[in-house]
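Counting from 1, the numbers follow the sequence of the chain as shown. Keep in mind that what you see is a predicted model, and the values were worked out from it rather than measured.
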Amino acid sequence: MSVSTVTSTTSRWSALRLRQTAHLRDLCAETSFTTAHLVQPIFVVEGLAGSEAIPGLDGNYRFGIDPALDAIGADVAEGVRHFLLFAVPAKSSSIGYGAFAARVVDAIKRRFGKDIHLWVDICLCSSTDDGHCAISDANHRIDLDATLTALEAMTMRVADAGADGISPSDMMDGRTARLRGALDNGGHPSVPIMSYSTKFASRFYGPFRSAAGSAPRHGSREHYQIDVRSRTDAIGSSVRCANEGADLLMVKPGLTSLDLITPIREATGKLVGAYQVSGEYAGLCALGRAGLADFDAALIETWHVFRRAGAAYIITYGARRARSLGVPV
Ligand code: PBG
């Protein structure tokens with residue numbers, strides 16, 4: 001005789017019963033997170049004395065070095081432990097890829113030491129004249145060797161300056177192996193790589209590009225970032241990064257990549273995070289400003305959804321608000 005299973009229920013309260021009170025909903029909740037799971041991006045701009053609000057990204061600024069240190073101090077007091085640094089060199093900067101970033105890393109680590117984990121975004125788009133993430137020839141064809149050499153130089157400069165981790169976002173083939181090898185051979189075998197391993201060509205990076213001065217001056221990034229219509233390339237890109245030595249993987253943008261988080265974790269055995277990118281965050285800000293949504297509640301909602309989808313960590317412009325919204329430290 002076969003074992004009988006419940007195939008239907010006649011009770012109209014079967015689902016509603018457990019949703020009735022906050023106590024019951026809390027007992028049934030399957031996702032949770034603390035401020036330790038959130039990463040706060042921070043923009044530091046060469047030659048900037050004060051700070052400038054970033055259009056659309058409420059509560060986020062482009063900082064000169066000193067105000068950046070003050071802001072990080074305030075964030076640490078709010079329980080933020082992970083920061084992702086975007087160092088924006090002056091366009092006239094001739095001091096070499098990563099030299100300004102190294103200066104910022106040095107200043108931050110001198111002040112905060114082991115109180116924070118400082119990830120550094122590794123990319124060329126704030127440095128190249130054309131705003132692209134690669135060095136290209138006159139025909140806009142990527143010079144992969146020159147690009148990887150520049151990414152390696154940037155990586156070694158920030159690692160020597162004390163970066164706690166690096167986070168390559170350029171999407172060049174072979175970069176993770178190249179950077180892992182450089183770190184290993186250059187005295188930094190313990191520095192982890194949190195790779196932008198599945199990064200799509202997306203319309204949701206707009207506010208970031210104005211903040212980082214990295215909007216492409218010609219064309220788009222579609223010749224190196226992943227096409228949103230592709231699932232195989234999207235998962236394969238993370239698999240390659242994992243095989244090349246990435247410690248942590250990432251999907252980006254976050255909300256448009258929810259379906260890929262668990263498949264990537266299962267394919268690689270690595271933790272996968274989600275980057276709630278500038279356009280996603282700015283969209284929530286805009287809804288809130290228009291009185292069409294409760295911004296704070298909507299923000300928390302998205303973080304829970306990232307966790308439910310399997311994200312280990314969340315990079316979000318709202319990390320510094322989390323504690324005030326009731327997220328435990
Ligand atoms: C640089 C980089 C970008 C973002 C993170 N690193 C922009 C891009 O690829 O064009 C986007 C982050 C955001 O929108 O919040 N390569």
Side-chain angles (χ1 to χ4, degrees), residues 31-42 80-86 101 105 109 114 116-123 133 151-152 154-156 158-159 162-184 188-200 208 225-226 234-277 280 302-303 305-317 319 322:
T31 66
S32 63
F33 55 90
T34 71
T35 55
H37 297 103
L38 305 178
V39 182
Q40 174 67 51
I42 183 142
V80 181
R81 296 292 174 263
H82 286 264
F83 293 86
L84 175 57
L85 172 67
F86 295 96
V105 168
K109 290 305 289 182
K114 297 210 179 307
I116 67 168
H117 189 103
L118 182 61
W119 300 96
V120 182
D121 185 90
I122 301 292
C123 194
C133 305
L151 292 168
E152 178 178 332
M154 179 173 188
T155 295
M156 295 314 291
V158 301
D164 296 306
I166 63 150
S167 203
S169 67
D170 50 279
M171 294 308 282
M172 295 300 120
D173 258 357
R175 56 103 192 278
T176 304
R178 175 76 174 255
L179 302 184
R180 183 71 271 159
L183 290 167
D184 289 352
H188 301 294
S190 64
V191 170
I193 299 179
M194 176 173 78
S195 181
Y196 289 70
S197 54
T198 294
K199 174 174 173 178
F200 289 98
F208 171 95
Q225 299 180 344
I226 301 168
I235 295 174
S237 178
S238 273
V239 169
R240 281 196 302 280
C241 269
N243 290 339
E244 290 181 25
D247 301 286
L248 292 170
L249 305 175
M250 190 196 304
V251 295
K252 175 188 170 194
L255 276 187
T256 59
S257 310
L258 290 177
D259 57 317
L260 300 169
I261 295 175
T262 295
I264 291 170
R265 191 188 62 225
E266 288 172 350
T268 61
K270 302 273 183 195
L271 297 178
V272 183
Y275 195 146
Q276 178 173 49
V277 300
E280 298 177 55
T302 60
W303 293 344
V305 172
F306 289 129
R307 294 284 282 171
R308 193 188 68 214
Y313 62 94
I314 304 159
I315 303 173
T316 170
Y317 295 93

Take Glu280 and Thr256, measure what side-chain contact (heavy atoms from CB on, under 4.5 Å) needs, and give me the verdict at the end. CA-CA 9 Å; Glu280 298 177 55; Thr256 59; 5.6 Å; no

Given the options Leu151, Ile193, Asp121, Ile166 meets side chain to side chain contact (heavy atoms under 4.5 Å, CB included) only with Ile193

Distance (rounded to the nearest 0.5 Å) between [X] [atom1] and [Y] [atom2]:
{"X": "Ser197", "Y": "Met171", "atom1": "OG", "atom2": "CE", "answer": "7.5 Å"}
{"X": "Asp164", "Y": "Met194", "atom1": "CG", "atom2": "CE", "answer": "11.5 Å"}
{"X": "Ile122", "Y": "Met154", "atom1": "CD1", "atom2": "CE", "answer": "4.5 Å"}
{"X": "Leu249", "Y": "Tyr313", "atom1": "CG", "atom2": "OH", "answer": "7.0 Å"}

Mind checking ring pair (Phe, Tyr, Trp, His ring centres under 6.0 Å) for Phe200 and listing every partner two or more places apart, or none if nothing turns up? none

I'd like to check the ring pair (Phe, Tyr, Trp, His ring centres under 6.0 Å) partners of Phe306; sequence neighbours left out, ordered by chain and number. none

Trace of the side-chain contact (heavy atoms from CB on, under 4.5 Å) decision for Leu118 with His82: CA-CA 6 Å; Leu118 182 61; His82 286 264; over 6 Å; no

Identify the two heavy atoms, one from [X] and one from [Y], that lie closest to each other, and give their separation to 0.1 Å.
{"X": "Val105", "Y": "Ala163", "answer": "CG1-N, 3.4 Å"}
{"X": "Leu255", "Y": "Leu258", "answer": "O-CG, 3.5 Å"}
{"X": "Leu85", "Y": "Ala101", "answer": "CD2-O, 4.3 Å"}
{"X": "Lys109", "Y": "Ile116", "answer": "NZ-O, 3.3 Å"}
{"X": "Ala234", "Y": "Ile226", "answer": "CA-CD1, 4.0 Å"}
{"X": "Ile315", "Y": "Pro41", "answer": "CG2-CG, 3.8 Å"}

Apply side-chain contact (heavy atoms from CB on, under 4.5 Å) to residues His37 and Trp303 and explain how you reach the verdict. CA-CA 10 Å; His37 297 103; Trp303 293 344; over 6 Å; no

Under 3.5 Å, side chain of [X] to main-chain N/O of [Y], donor-acceptor pair present?
{"X": "Ser237", "Y": "Thr198", "result": "no"}
{"X": "Lys252", "Y": "Val277", "result": "no"}
{"X": "Arg307", "Y": "Ser32", "result": "yes"}
{"X": "Gln40", "Y": "Ala319", "result": "yes"}

Within the 3.5 Å criterion, strictly below it, is a donor on Arg178 or Thr155 matched to an acceptor on the partner's side chain? no

Pair Arg180 + Asp247: basic N to acidic O under 4.0 Å: yes

Taking the side chain as everything from C-beta on, heavy atoms only, tell me whether Ile235 gets closer than 4.5 Å to Leu260. yes

Taking side chain as C-beta onward, heavy atoms only, is Lys199 less than 4.5 Å from Val251? no

Once the angle between the rings of Tyr275 and Phe86 is folded into 0 to 90°, is it parallel (under 30°), tilted (30 to 60°) or perpendicular (over 60°)? tilted

Tell me which donor-acceptor pairs under 3.5 Å the side chains of residues 262-273 have, and how far apart each pair is, sequence neighbours excluded?
from   : atom 1 : to     : atom 2 : distance (Å)
Thr262 : OG1    : Ala309 : O      : 2.9
Thr268 : OG1    : Ile264 : O      : 2.7
Thr268 : OG1    : Lys270 : N      : 3.1

As a quick check of understanding, evaluate side chain to side chain donor-acceptor pair (under 3.5 Å) for Ser195 and Arg175, giving each step before the final call. CA-CA 10 Å; Ser195 181; Arg175 56 103 192 278; 2.8 Å; yes

